[in-house]
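A short write-up of the structure that comes next.
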Amino acid sequence: MDKIDNLDKKILRILSQNARIPFKDVAAECGVSRAAIHQRVTHLMEAGIITGSGFDINPKSLGYTTCTYVGLNLERGSMYKDVVQRLLTIPEIVECHFTTGPYTMLVKLYAQDNEQLMDLLNNKMQSIPGVVSTETLISLEQSIKREVPVHIEA
């Protein structure tokens, strides 16, 4: 990964607080030209430092009222990639992590209600070859969602 300097970090800090801010405003805050900001952001994207841009859609607005984390235990950790391929076919799953601790994998999904959640668990996830157990944790409220802090050296 390319080394990033304080200007890059300042740009990242500004964009992480408001990804829709116009480049002219970022340029004014950084004291450089709009072209310099455009060039820096393009470089940060090409280097894989900025990994996306887009809109977050509120799942509740689409009828997905239940946010759930599911810990999966696999027969063997080596089955992880095959299980991921099967999980990719379940559109309600929005994140999947290979983890340490009590679970082999941790999955985040959204369900429209408890009936759909039960169907996802019993008929989709638990039927995947290699999945030996699941543990379900329902999120009652998301209290914090933010990007990692970007610190600028003095």
Side-chain angles (χ1 to χ4, degrees), residues 1-4 8-26 29-30 37-38 40-152:
M1 178 172 6
D2 293 343
K3 185 172 170 72
I4 59 174
D8 290 331
K9 288 179 183 178
K10 191 168 187 178
I11 293 166
L12 290 170
R13 183 178 48 76
I14 293 166
L15 293 176
S16 70
Q17 292 168 355
N18 178 7
R20 297 179 65 191
I21 189 170
F23 281 0
K24 69 177 178 61
D25 295 347
V26 178
E29 194 169 332
C30 292
I37 297 300
H38 185 272
R40 292 284 185 128
V41 169
T42 299
H43 178 72
L44 291 167
M45 290 171 73
E46 289 171 352
I49 296 165
I50 294 176
T51 58
S53 63
F55 298 98
D56 289 334
I57 299 169
N58 180 349
K60 288 181 181 177
S61 69
L62 300 175
Y64 293 94
T65 59
T66 305
C67 175
T68 307
Y69 294 86
V70 181
L72 287 86
N73 285 306
L74 304 184
E75 206 174 295
R76 294 182 314 280
S78 62
M79 301 176 90
Y80 174 75
K81 288 184 180 183
D82 293 332
V83 173
V84 168
Q85 290 305 308
R86 295 285 300 269
L87 293 173
L88 281 168
T89 67
I90 304 170
E92 293 83 2
I93 294 175
V94 296
E95 289 184 29
C96 177
H97 303 268
F98 193 26
T99 61
T100 62
Y103 312 115
T104 311
M105 304 171 74
L106 188 64
V107 168
K108 179 179 180 182
L109 64 85
Y110 286 95
Q112 294 177 340
D113 52 33
N114 287 345
E115 287 179 50
Q116 184 189 23
L117 176 58
M118 190 168 67
D119 179 62
L120 289 167
L121 292 168
N122 294 341
N123 300 322
K124 303 233 168 94
M125 298 172 75
Q126 292 172 351
S127 66
I128 296 172
V131 174
V132 293
S133 66
T134 62
E135 184 172 347
T136 305
L137 306 158
I138 294 176
S139 172
L140 300 175
E141 175 183 299
Q142 179 178 317
S143 304
I144 298 173
K145 181 182 180 184
R146 60 182 170 201
E147 297 295 322
V148 296
V150 180
H151 299 287
I152 302 170

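Worth saying up front: this structure is predicted, and the values here are computed from it rather than measured.
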- [ ] Just say parallel, tilted or perpendicular for the rings of Tyr80 and Phe98, cut-offs at 30° and 60°.
- [x] parallel
TODO: For the pair Thr104 and Met79, evaluate side-chain contact (heavy atoms from CB on, under 4.5 Å) and give the outcome as yes or no after the intermediate values.
DONE: CA-CA 10 Å; Thr104 311; Met79 301 176 90; over 6 Å; no
TODO: May I ask you to test the Ile138-Leu117 pair for a side-chain heavy-atom distance under 4.5 Å?
DONE: yes
Task: Minimum side-chain heavy-atom gap Tyr69-Glu95 below 4.5 Å - done: no
Taking all non-hydrogen atoms of both residues, which atom of [X] and which atom of [Y] are closest, and how far apart?
{"X": "Leu87", "Y": "Met105", "answer": "CD1-CE, 3.5 Å"}
{"X": "Cys67", "Y": "Lys108", "answer": "SG-CE, 3.7 Å"}
{"X": "Lys9", "Y": "His151", "answer": "CD-O, 3.1 Å"}
{"X": "Arg86", "Y": "Ser127", "answer": "NH2-O, 4.5 Å"}
{"X": "Tyr110", "Y": "Leu120", "answer": "O-CD1, 4.4 Å"}
{"X": "Ile11", "Y": "Cys30", "answer": "CG1-SG, 4.1 Å"}

TODO: Give a yes or no on whether Ile57 atom CD1 has more than 12 heavy-atom contacts from other residues, nucleotides or ligands under 6.0 Å away.
DONE: no
Task: Within 6.0 angstrom of Gln17 CD, more than 12 heavy atoms from elsewhere - done: yes
When rounded to the nearest 0.5 angstrom, what distance separates [atom1] in [X] from [atom2] in [Y]?
{"X": "Met118", "Y": "Asp113", "atom1": "CE", "atom2": "CG", "answer": "9.5 Å"}
{"X": "Asn18", "Y": "Arg13", "atom1": "CG", "atom2": "CZ", "answer": "12.5 Å"}
{"X": "Gln116", "Y": "Leu121", "atom1": "CD", "atom2": "CG", "answer": "10.5 Å"}
{"X": "Gln112", "Y": "Thr65", "atom1": "CD", "atom2": "OG1", "answer": "8.0 Å"}
{"X": "Asp8", "Y": "Lys3", "atom1": "CG", "atom2": "NZ", "answer": "10.5 Å"}
{"X": "Met125", "Y": "Leu109", "atom1": "CE", "atom2": "CG", "answer": "6.0 Å"}

Task: Among Ile4, Ile14, Leu15, Leu12, the one residue meeting side-chain contact (heavy atoms from CB on, under 4.5 Å) with Val150 - done: Leu12
Task: Under the side-chain hydrogen bond (donor to acceptor under 3.5 Å, both in side chains) test, residues paired with Tyr103 that sit two or more places apart - done: Glu135
Open item on the list: If you apply the rule side-chain contact (heavy atoms from CB on, under 4.5 Å), what do you find for Asp25 with Glu29, and how did you get there?
Closed with: CA-CA 6 Å; Asp25 295 347; Glu29 194 169 332; over 6 Å; no
Open item on the list: Leu74 vs Val131, test: side-chain contact (heavy atoms from CB on, under 4.5 Å). Steps then yes/no.
Closed with: CA-CA 5 Å; Leu74 304 184; Val131 174; 3.9 Å; yes
